[in-house]
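Reading through the structure tokens given below for one structure.
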Amino acid sequence: MFDMQERRALYVYMRGLKQVNQLKKFGDIAYISNKMNYVSLYVNENQVDELVDKLKKYRFVKTVKPSARPDINPDLDDQHDDVFFEAYDKEVSNQTPSDEQAKTEEE
């Protein structure tokens, strides 16, 4: 049966894009940015550290940044909505009495 491989994106910033074909041997190229001179490269998770070291040795590579997405917890179990809306609730509650006072002064 087919086993899913853990993958991670590497963002390889380059001096020029002439050597993009050399990066094909390291993984799957997902995106090439002509304007910002970087390549999005997908590699196996267990090879990330050694590939980052190998890629940094090339002269045409400026920097290599691994994606942080697999390290982020998508559940946010410890967060709750009340924290985000507390400041808004205080703002609304502070404005309500002043609005009522303005209405009574007009009458």
Side-chain angles (χ1 to χ4, degrees):
M1 189 83 191
F2 179 72
D3 292 328
M4 291 287 288
Q5 292 267 339
E6 294 282 327
R7 306 281 280 174
R8 185 179 289 241
L10 292 179
Y11 300 103
V12 182
Y13 290 88
M14 304 171 62
R15 299 191 192 285
L17 295 176
K18 290 182 181 178
Q19 294 85 3
V20 169
N21 289 333
Q22 292 184 23
L23 297 178
K24 289 180 182 177
K25 64 184 175 184
F26 295 108
D28 298 326
I29 295 176
Y31 182 74
I32 300 171
S33 172
N34 292 323
K35 187 174 183 180
M36 295 180 62
N37 288 341
Y38 78 89
V39 175
S40 176
L41 185 72
Y42 281 96
V43 298
N44 291 337
E45 180 71 34
N46 55 3
Q47 298 176 341
V48 170
D49 295 330
E50 62 188 48
L51 287 179
V52 168
D53 293 336
K54 281 183 186 178
L55 287 169
K56 285 182 179 180
K57 291 179 183 177
Y58 283 101
R59 295 180 91 197
F60 59 85
V61 174
K62 286 183 183 176
T63 59
V64 179
K65 295 183 180 181
S67 173
R69 185 168 185 201
D71 300 331
I72 297 172
N73 183 9
D75 294 335
L76 299 176
D77 291 334
D78 58 339
Q79 300 292 326
H80 56 283
D81 293 339
D82 298 338
V83 173
F84 299 112
F85 297 110
E86 283 177 2
Y88 176 76
D89 290 341
K90 288 178 184 176
E91 243 179 64
V92 170
S93 64
N94 289 339
Q95 289 178 357
T96 306
S98 63
D99 292 339
E100 290 175 8
Q101 289 175 357
K103 287 181 183 178
T104 54
E105 290 175 2
E106 288 177 4
E107 294 174 0

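- Taken to the nearest 0.5 Å, the CD1 atom of Ile29 stands 13.0 Å off from the OH atom of Tyr42.
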(message) Evaluate Tyr58 against Gln19 for side chain to side chain contact (heavy atoms under 4.5 Å, CB included), listing each step before the verdict.
(response) CA-CA 10 Å; Tyr58 283 101; Gln19 294 85 3; over 6 Å; no
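- Annotation: salt bridge (charged side-chain N to carboxylate O under 4.0 Å, His left out) contacts involving residues 8-25, sequence neighbours excluded, comprise Arg8-Glu45, Arg8-Asp71.
- Taken to the nearest 0.5 Å, the NZ atom of Lys54 stands 8.0 Å off from the CD atom of Gln47.
- Within the hydrophobic cluster formed by Ile, Leu, Val, Met, Phe, Trp and Tyr side chains joined at under 4.5 Å, directly or through other members, Met4 is accompanied by Phe2.
- Asn44 has its side chain out of reach of Glu6: every pair of non-hydrogen atoms, C-beta onward, lies at least 4.5 Å apart.
- Scanning both residues, Val48 and Pro66, for their nearest heavy atoms gives CG1-CB, 4.4 Å.
- By the criterion of side-chain heavy atoms lying less than 4.5 angstrom apart, applied directly or through intervening Ile, Leu, Val, Met, Phe, Trp or Tyr residues, Tyr31 is not grouped with Leu10; the two fall into different hydrophobic clusters.
- Met36 and Met14 fall into different hydrophobic clusters, where Ile, Leu, Val, Met, Phe, Trp and Tyr are joined by side-chain heavy atoms under 4.5 Å apart, directly or via other members.
- Under the 30°/60° scheme for interplanar angles, the aromatic rings of Tyr38 and Tyr13 are found to be tilted.
- The distance from the CG atom of Asn37 to the CD1 atom of Ile32 is 11.0 Å, given to the nearest 0.5 Å.
- In terms of hydrophobic clustering, with Ile, Leu, Val, Met, Phe, Trp and Tyr side chains grouped at heavy-atom distances under 4.5 Å, Val61 and Val20 are assigned to a common cluster.
- Annotation for Asn46: atom CG counts as buried by contact number, over 12 foreign heavy atoms lying within 6.0 Å.
- Here CG of Leu55 is found 5.0 Å from CZ of Phe26. Values are rounded to the nearest 0.5 Å.
- Atoms OH and CG, on Tyr11 and Leu41 in that order, are 10.5 Å from each other to the nearest 0.5 Å.
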